[in-house]
Each structure stands twice: as structure tokens, then as C-alpha cells.
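For reference, the structure is listed below as C-alpha cells.
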Amino acid sequence: MNVSSKTAATPRARSAVIALACAGVFVAYLPVTTVAVSLPVIQRALGASTAQLSWVSDAFVLPVAALILTAGVFGDVHGRRKVYQVGLALCAAGAAVSLCAGSVQVLWAGQALAGAGAAALLPVTLALISEAVPEPRERGKYIGWWTACMMGAMVVGPLIAGVVVGHAGWRWIFLLPVPVPVPVPVSLVTMAVAARLLPESRTEGTRRLDWPGQISAAVAITALVYGVIEGGAESFTAPRTLIALAVAAVSACVFVVVERRTDEPMLDLSLFRSPAFTASTLVALVSFLGLIGFFFVLSLYLGLVQQLDTWQAGVRMVLVNVVSMVLGVVMGRVMRRVSARVLITARLLITAAALLSLTTLDAGTSYASLAWRLALLGLGLGIAFPCITSTAVSAVPGRQAPMAAAGNNAFRQVGGALGPAVLGALLTTRAMDTLPGHLADAGLTGGAAGTVVRTAETDGLGAVAQLDLGTRTGRALGAVSEAFLDGLHLCLTVSAALLVLAALAAAVLLRERPDRTATVASVNAEAAAAPVGVSQRP
């Protein structure tokens, strides 16, 4: 039961709550693609290595994955307006830190603060809409608006970054999203409005926070991502990589034990007794691993290989989200006529086909040739995003539906955190393995080749562009581009293979439960909106 110090019953008050919820999710998701498309520029400005650049995106996604479940409970217990404003404050603080970043480590700190703010905003904004609009069918419409604002942030992010970076430098992307520098983040403006118009609300009862589960989950996720990133940059047999992976395994085991024994678990593990829930959660994790990782390597391809500026890269990257958003608008009607198993399986296979079609990319691939492949990728994503969590929710008893939705969303974020780490490691390993051969083919041997390889190993492939090799510079850059393409093609092939395996799991494990459709309609609508795109680098 919800209790409020104010009421949102009047049309004006309800409109204010909905508008603020939509503004909150826009703020939360804007950094995803805005930062992703700016990665090549950030790398050049800060001299970041491939592994360091991987943390720029993961520093944002990790707090979202680790804190999103607990943030929802905080809102229920301590008040949603408070959590909403804390989320906005953290986003503003993250923007301020990132704006002043003189090193990649400071940028990590800013991204982590912004990610913690996003973790607070995502569950609480949905809860605010649910309270303001109690009628399930009417609520679905406003959840659709919420989803549109989230996808809208991902669509306009690359375009904002392109304009801002072209006119004012990359740091200004962390301020108000207009094409000129404005010294007040949109978060602060929204906070001021929320303090006046947003009603306070919380859930009546004795719900408690699951601190042991929260801590063990956060340690497991962070250690796993750290181990993958450092393993790709250095070696998977290096002591610190092995220690990180061991810590991740132990923490995951601790999490399972804790969740099985506590009376109020952060994630009820009995949910995984349902094959459909397990399959949809696996699909969510794998999908976001491939998607966020893809945006990572695509951004680097456009900047490092094709030498495009941020605006040109943003125009190309935005195509995926535009097609996905347009399809998402119409998928609600399709979901009533076509089974979720067919939709999800088809989506995974279409997305895998799109990724495989991208394995023929080279330095001279034209925009027209790239565009249809990106549109195909957006088609695959747009078909099933609205029904992955819906299927997870429908697969469990009604009382567990909210936790199923939250758990599925959390696993999406985990996949989003792993995407840059896994694909970044694959990209780096493959590129460095083939770079000496490409240098030899280009006629570079001896000291010049050694200098290029050492620079790429230490500072990333992009740092080779800063070397002065005289007349051999062009050949060195061509060899680096070819090595990068080898890594890119491997990443795309692995991502496609994972999606095919997920499609097989969906086809086998997903089953329809028509009797649950009406019961969970509201939760389905709320849960449908969770793409992280994108966050989304040598």
C-alpha cells in the first residue's frame, strides 16, 4: 500500500508527476550513447589505453547493475521523492566531476556517480507513474511515454555529442543537452521543479534492505568485469586477473547462500525454477552483452578506422535506436497476436544475422552499405525488447511479478556491463595478435614495427596515430586499421553465436501462459522498457 504526504489525484498534479518521471529517465539514459559516441575523442584527449577506455562505459553501467534492485526498495521505505532527488543530485555530481576530468581516472569517478544516480532514477520513476495512474490499462499509455523518453535519450545522445564536441569539446557533453555550453546540468533544474511539484510517497509496511545480498552482488559483478577487462589488456593468467575472477566466483556463491537464507531476499532464487523466467533472463543478459559491446566496438571502428568525427559517427549510430524505437511503439499490438516465443526467437535470429552481415566491414565501407545493416540490427532489437521482461513476469506467480521484472532488468544491466569488457578483451587480444603480421605486410619491420606494437600494447591502438614515423606513418596506420578489423570481425562473430544460442534456448524453454496475461498486464508494461544501450573503445 502506498502512502503519500500529498496527492497526485488531480489531473494537473498527475501530469506533473508523469512529466517529472519522464524527465528523470531521460536524464538517467542520456549518458549512455552520448559518451559511447565520444569515446574516440576521449581517448585521444586523455591518452587512455583500451582497458582504461573500457572502464569509461563500465563505470556507468556497473552501479546501475549493482544498485537498481536496492534503489527500488529505498524508494519504498524512505520515500520516492527523496530517492528521485538523490538520483538527480548524483547525476549532476557525476556531470560536474566529468566536466573537470583531467585524467581518465577522474572520468571514471564521474561516470560512477552518474551511474548510481541512474540506478536510483530508473525504478523510482516507474513507481511514481504506477502510483499516479492506478488503473492498469491507462497506466500502460504513460509507461509508453516513459519508454519513449528513455529511447529518445538514446536517440538524441549521439547527435548532441556530435554537435557539442564539434563546437565546444567533449567535456561539455555532460552539461545541458543543447548545442552550446550551459553551466547548469539539466539534473539541477529538474531537482528544483521536483522539490515543488512532486508528492512524497512510500510503501506502508516493514520492508527491509538486503545489505548482505547487495554487497555480495556488487562485489561479484565488479570483480568479474574487472577480471575480464584486465585479462584482455594483460593476461588471463596474470595474478590480479585470477584473483579478481576468484573473488567474483566466491562472492557469487555468497550471494546465492545469502539469498536462500534471508526472509526478504533482494532476488528470490526460486524464480529460476521457471524455465521461461530463466530463458528470458538469459536472453536479456546475452542481448545486452552483445548490444552494449557492439556500440563500443562500432564507435571505435567509426573513429579509429573510418576517421569520422563525432557528428558523423553519431548520425550512423543513431540509426539503430531510431528503428528500434519506432518498432517498439507498435509492438504492443503485435504482442497480443504473436507468441512471445516466436517474437523473441525471431528477434535474436534477425539480430544475429545483422551482426554477421557486419563482419564484411572494412575501412572503405560506405554509409549506404552500413546503414541497411544497422537498420536490420534495430529491427531485431525493436521486435522483442518490449516482450522479454513481459515473458519473465508472466512465467511466475503474480505476487513475484514485480521482483521478476526487477531481476530481469538487473540482469540486463549486468550484460550491459559485461559487453564492453568481453568484447573489448576479444578486440584487443585479436588485434594485437595480428598486428605484427599486418605491419610486415605493409613493409614495416625492425625498430619501426616494434615501436608501433609497444605503443599499441601500452596506450591502445588509437595511440599509434600520435607517432611520427615519417613516410611510414600512413602504412603503420593502415596496418593498425587492418588489425582492428580482425578484432572487430571476431567480436561480431562471437556476439552472433551467443545470440543464436540464446535463440535456441528461447525456442526450447519459453512457453505461453495465457491465463496470466490479464493479471500481469500492468507489470508487463512497466517491465518492457529497459534497454541500456549503450553504453556503451581502444
Side-chain angles (χ1 to χ4, degrees), residues 36-45 47-54 232-233 293-317 355-371 373-374 420 423-495 537-538:
V37 76
S38 305
L39 289 173
V41 177
I42 292 172
Q43 183 188 30
R44 290 192 293 270
S49 67
T50 303
Q52 289 175 327
L53 205 61
S54 296
F294 167 76
F295 272 98
F296 163 52
V297 297
L298 177 65
S299 173
L300 294 176
Y301 163 75
L302 296 173
L304 180 63
V305 177
Q306 292 208 322
Q307 299 292 308
L308 301 180
D309 62 30
T310 307
W311 169 258
Q312 293 170 321
V315 170
R316 286 155 176 77
M317 290 179 67
L355 292 175
L356 287 176
S357 74
L358 289 163
T359 58
T360 60
L361 292 180
D362 57 31
T365 300
S366 67
Y367 178 41
S369 180
L370 179 63
R373 307 176 205 207
L374 296 180
L423 296 193
L426 287 174
L427 176 65
T428 301
T429 302
R430 178 62 174 168
M432 292 309 304
D433 285 345
T434 62
L435 179 57
H438 287 300
L439 288 170
D441 292 341
L444 273 73
T445 57
T451 299
V452 171
V453 171
R454 284 193 299 273
T455 300
E457 287 177 339
T458 305
D459 301 322
L461 295 172
V464 176
Q466 309 302 317
L467 294 176
D468 183 5
L469 300 174
T471 58
R472 295 171 293 182
T473 300
R475 285 181 287 161
L477 293 177
V480 168
S481 294
E482 291 299 320
F484 179 91
L485 288 170
D486 290 337
L488 172 65
H489 296 159
L490 176 62
C491 290
L492 294 169
T493 302
V494 170
S495 296
R537 339 173 172 77

*asked:* With rounding to the nearest 0.5 angstrom, report the CZ to CG distance, Arg316 to Leu374.
replied: 9.5 Å

*Quick one: pull up CG in Leu427 and SG in Cys491 and give me the separation to the nearest 0.5 Å.*
5.0 Å

*Which pair of heavy atoms, one from Thr360 and one from Thr365, lies closest together, and at what distance?*
O-OG1, 4.4 Å

*pair Gln312-Leu302: side-chain heavy atoms closer than 4.5 Å*: no

_Nearest non-hydrogen partners of Val297 and Phe484, listed with the distance_ = O-CZ, 3.8 Å

*Donor-acceptor pair between Ser369 and Arg373 side chains, under 3.5 angstrom*: yes

*Look up atom CG in Leu490 and atom OG1 in Thr359, then write down how far apart they are to the nearest 0.5 Å.*
11.0 Å

*For residues Leu356 and Leu492, determine if any side-chain heavy atom of one lies less than 4.5 Å from a side-chain heavy atom of the other.*
no

*asked:* Measuring from atom CG of Leu485 to atom CZ of Arg430, what distance do you get when rounded to the nearest 0.5 angstrom?
replied: 11.5 Å

*Quick one: CG on Leu435 to CG on Asp486, what's the gap to the nearest 0.5 Å?*
10.0 Å

*Taking all atoms of both residues into account, what is the closest heavy-atom pair of Val453 and Pro436, and its distance?*
CG2-CG, 4.4 Å

*Could you pull out the closest heavy-atom pair between Leu355 and Ser495, with the gap in Å?*
CD1-CB, 3.7 Å

*Roughly how far, to the nearest 0.5 Å, is CG of Leu298 from CG of Leu423?*
12.0 Å

*Ignoring hydrogens and angles, tell me if any N or O in the side chain of Glu482 forms a donor-acceptor pair with the backbone of Ala479 under 3.5 Å.*
no

_Minimal non-hydrogen separation, Ala449 against Leu439, with atom names_ = O-CD1, 3.8 Å

*So, does Ser299 use its side chain to make a donor-acceptor pair with the main chain of Ala36 at under 3.5 Å?*
yes

*Taking the side chain from Tyr301 and the backbone from Leu361, do they hold a donor-acceptor pair closer than 3.5 Å?*
no

*Within the side chain of Gln307, is there an N or O that forms a donor-acceptor pair under 3.5 Å with the backbone of Leu304?*
yes

*Determine yes or no for a side-chain-to-main-chain donor-acceptor pair under 3.5 angstrom, with Thr428 supplying the side chain and Ala425 the backbone.*
no

*Show the numbers, then the answer: is there a side-chain contact (heavy atoms from CB on, under 4.5 Å) between Leu358 and Leu370?*
CA-CA 8 Å; Leu358 289 163; Leu370 179 63; 3.7 Å; yes

